[in-house]
Undergrad: 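This is the structure, below, for whatever I ask next.
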Amino acid sequence: MERLTWRGWSRLGTGILVSVAVAACGQQAATGSAGTSATQGTMDHGTMPMAGATATMQSSTMPMMGATATMDYGSMPMSSAPFDAQFIDSMTEHHRGAITMAQQALKESQRPEIKQLAQNIITTQQQEIDQMAAWRKQWYPDVQRTGGMGMAMGDMQVSGDTSTPYDQRFITAMIAHHQGAIAMAKEAQTKAQHPEVRQLADAIIKAQQAEVAQLTDWSKQWFGS
């Protein structure tokens, strides 16, 4: 067999490339506009997953201190779960975050006012968690845990920055946390199927708006901001 020189290999490669190009052109001519339509028609925005169904916080992972969080259990897609089940799952997780922060405040706060508010939060929100659990068991016994409402919950932990007084950090975190609950409750006022859920949403908005106002006043009195 004759050994190919550099020019021989070059001519051979060029011939192969030309053959491939001709074949591709022929295939494109055969498919025509139908092939183009089939390629472009594969994207359907109406079937894209909702943004909230994507995980930004796994139930097994705690959020970074001071960071806002949304909830995603990575189970039933939001679009296929009843709204009331989504609300219950979100608000239950949200209340647990408030209780955790309030329990910490009972130990670390220097202000009796903060400790009293923390105890009220623990008592009230645990009662609401128990009530929502009973509703969920009654209304949705066969519905697996949902991805929640996919809304920002606000701060789920008090910042660990010790250069700022603890009570100031608690106020900042709890205001943001309450604002998350208020936003979820306002959505439930118009979307909930059960009147009990709408009534709970009304109560959450009223109570937590009052607490935000109180926390804001304390922040101005104690810390000038």
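Everything numeric in this text was worked out from a predicted model, so none of it was measured.
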Undergrad: Could you check whether the rings of His194 and Tyr140 sit parallel, tilted or perpendicular, using 30° and 60° as the cut-offs?
TA: perpendicular
Undergrad: Determine whether Gln104 and Val158 satisfy the following criterion, side chain to side chain contact (heavy atoms under 4.5 Å, CB included), listing intermediate values before the conclusion.
TA: CA-CA 9 Å; Gln104 181 184 8; Val158 176; 3.9 Å; yes
Undergrad: Less than 4.5 Å apart, side chain to side chain, heavy atoms only: is that true for Thr146 and Ile88?
TA: no
Undergrad: Under the criterion side-chain contact (heavy atoms from CB on, under 4.5 Å), which of Gln157, His95, Met156 is the partner of His177?
TA: Met156
Undergrad: Say you draw a straight line from CG of Asn120 to CD of Glu211; how long is it, rounded to the nearest 0.5 Å?
TA: 7.0 Å
Undergrad: Look at atom NZ of Lys115 and say whether more than 12 heavy atoms of other residues, nucleotides or ligands are closer to it than 6.0 Å.
TA: yes
Undergrad: Which distance, rounded to the nearest 0.5 Å, do you find between the OG of Ser159 and the OH of Tyr166?
TA: 10.5 Å
Undergrad: Do any N or O atoms from the side chain of Thr190 and from the backbone of Glu187 form a donor-acceptor pair under 3.5 angstrom?
TA: yes
Undergrad: Taking the side chain from Gln110 and the backbone from Asp167, do they hold a donor-acceptor pair closer than 3.5 Å?
TA: no
Undergrad: Nearest 0.5 Å, please: how far is CZ in Arg198 from CG in Asp84?
TA: 8.0 Å
Undergrad: With side chain to side chain contact (heavy atoms under 4.5 Å, CB included) as the test, would you mind laying out the steps for Ile204 and Glu128 before giving the verdict?
TA: CA-CA 9 Å; Ile204 288 172; Glu128 291 176 352; 3.9 Å; yes
Undergrad: Hydrophobic cluster membership, with links at side-chain heavy-atom distances under 4.5 Å among I/L/V/M/F/W/Y: are Val143 and Met91 in one?
TA: yes
Undergrad: So, is the end of the Arg111 side chain (NZ or CZ) under 6.0 Å from the ring centre of Trp218 and within 45° of the ring's axis?
TA: no
Undergrad: Give a yes or no on whether the backbone of Met149 and the side-chain of Ser90 come within a donor-acceptor separation of less than 3.5 Å.
TA: yes
Undergrad: If you measure from CZ on Arg136 to CE on Met132, what distance do you get to the nearest 0.5 Å?
TA: 11.0 Å
Undergrad: Could you measure the distance from the CD atom of Gln193 to the CH2 atom of Trp139? Nearest 0.5 Å is fine.
TA: 9.5 Å
Undergrad: Distance check, rounded to the nearest 0.5 Å: Thr124 atom OG1 versus Ile129 atom CD1?
TA: 11.0 Å
